[in-house]
Number of protein chains: 2
Amino acid sequence: MPTDQLSLTFSALADPTRRAILTRLAEGEATVGELAAPLPITLPAVSRHLKVLERAGLIVRGRDAQWRPTRMQAEPLDEAVAWMQARRRTWEGRMDRLDAHLRSKGDRDDRDR
Amino acid sequence: MPTDQLSLTFSALADPTRRAILTRLAEGEATVGELAAPLPITLPAVSRHLKVLERAGLIVRGRDAQWRPTRMQAEPLDEAVAWMQARRRTWEGRMDRLDAHLRSKGDRDDRDR
DNA sequence: GTGCTATTTAACCGTTTGGCTAATTAACCG
DNA sequence: CGGTTAATTAGCCAAACGGTTAAATAGCAC
């Protein structure tokens with residue numbers, strides 16, 4: 001049961017519809033109906049996608065009469081980017097060291113395993 | 001059916017076990033058994049996680065006798081980071097413009113909050 | 001109150017996911 | 001060849017996912 005923040009963020013972003021919603025919300029706040037309009041799915045489906053995004057902290061929702069204005073939040077994106085870049089840096093660092101090692105000498109003693 | 005690359009990448013990263021595997025692989029290549037050792041799941045389960053990561057392009061796998069050495073690949077991470085940062089920048093840009101707008105006038109009408 | 005609009009919840013359904021055990025394949029070794 | 005190790009595939013199962021339609025809720029407006 002992935003309750004941790006990164007799992008929530010990544011699985012929220014794993015769905016193309018939810019990414020489309022986020023892309024729209026990055027431009028500015030919108031109501032559920034406005035978000036649903038361009039999408040090929042029903043309103044209840046959109047409503048549940050929004051709940052997933054909300055649980056991941058990627059959106060916050062207000063109340064304006066019978067409308068639910070929704071705004072994007074960037075913090076979870078930052079955390080996810082940080083996780084990816086940490087792995088990328090470790091990986092790149094290792095690549096660099098390997099590269100340096102290969103370049104360093106005629107090395108027959110490649111014992112890096 | 002999310003066949004697109006971003007969906008593959010994000011859903012691969014949505015699982016904590018797969019993230020743990022990637023974290024390990026960022027340090028350097030490893031066999032299936034080595035990857036499975038610290039994990040609380042069976043070898044077949046690890047094998048299928050690796051298949052998911054491979055399909056997402058996050059790992060590549062070789063063959064060394066009966067071992068399957070696995071290496072991480074960073075490209076899908078880059079693409080995912082790029083997607084997130086694009087949204088973040090749009091969002092931030094809009095924040096900035098809103099901020100500027102609010103700051104521009106003497107705005108006694110700070111009705112935000 | 002009634003009625004209208006916006007949104008959510010309930011109930012259902014087929015597919016996917018992630019785990020398991022048992023069986024199978026791949027490749028070595030003696 | 002037979003035996004051993006590494007890894008995958010097959011079959012099963014329960015839970016989660018993503019969609020639907022129909023019903024319920026929230027809030028205005030008359």
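Below, read A as the first sequence line, B as the second, and so on, with proteins coming before strands; counting in each chain starts at 1.
For B:H49, no side-chain nitrogen or oxygen approaches OP1 or OP2 of C:dT17 to under 4.0 Å. Side-chain nitrogen and oxygen atoms of A:K51 include none within less than 4.0 Å of the OP1 or OP2 phosphate oxygen of C:dT7. Put simply, A:S47 has no side-chain N or O that comes within less than 4.0 Å of OP1 or OP2 on C:dT7. Distances shown here put a side-chain N or O of A:T42 below 4.0 Å from the OP1 or OP2 atom of D:dT20.
Each of A:A65 and A:S11 lies near DNA chain D, and the nucleotide nearest A:S11 is the one positioned closer to the 5' end.
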Residue pair A:T23, B:R87: steps toward the side-chain contact (heavy atoms from CB on, under 4.5 Å) verdict: CA-CA 6 Å; A:T23 296; B:R87 265 75 227 164; 3.1 Å; yes

Audit row: A:H49, A:I41, side-chain contact (heavy atoms from CB on, under 4.5 Å) steps and yes/no: CA-CA 11 Å; A:H49 279 305; A:I41 60 179; 3.8 Å; yes

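By the rule that hydrophobic residues join a cluster once side-chain heavy atoms approach within less than 4.5 Å of another member, B:V81 and B:L25 end up as members of one cluster. Residues A:W91 and B:L77 are members of one and the same hydrophobic cluster, defined by side-chain heavy-atom contacts under 4.5 angstrom among Ile, Leu, Val, Met, Phe, Trp and Tyr.
One interatomic measurement links the two molecules: CD1 of A:I21 to P of D:dG19, which rounds to 9 Å at whole-angstrom precision. One atom, CZ of B:R61, and another, P of D:dA6, lie 16 Å apart when rounded to the nearest Å. Following rounding to the nearest Å, B:R68 (CZ) and C:dC28 (C1') show an atom-to-atom distance of 16 Å. For the pair B:L43 CG and D:dT8 P, the interatomic distance rounds to 8 Å; values are reported in whole Å. Distance, A:W67 CH2 to C:dT8 P: 14 Å, rounded to whole Å. For the pair B:R55 CZ and C:dT17 P, the interatomic distance rounds to 8 Å; values are reported in whole Å. Atom CZ of B:R63 is separated from atom P of C:dT25 by 14 Å (rounded to the nearest Å). Straight-line distance from the CD atom of B:Q66 to the P atom of D:dA6: 7 Å, rounded to whole Å.
Taking the side chain of B:D15 as heavy atoms from C-beta on, and the options C:dG18, D:dA26, C:dT8, the nearest nucleotide is C:dG18.
Using modelled atom types and a 3.5 Å distance limit, the side chains of B:R68 and B:S47 yield no donor-acceptor pair.
When Watson-Crick and G-U wobble pairs are counted only if both distances are under 3.5 Å, C:dT21 pairs with D:dA10.
Using a 4.0 Å heavy-atom criterion, one finds that A:A45 contacts the bases of the nucleic acid, with or without backbone contacts as well. At the heavy-atom level, A:R48 lies under 4.0 Å from base atoms of the strands shown. Residue A:I41 is classed as a sugar-phosphate contact, given heavy-atom separations below 4.0 Å to backbone atoms only.
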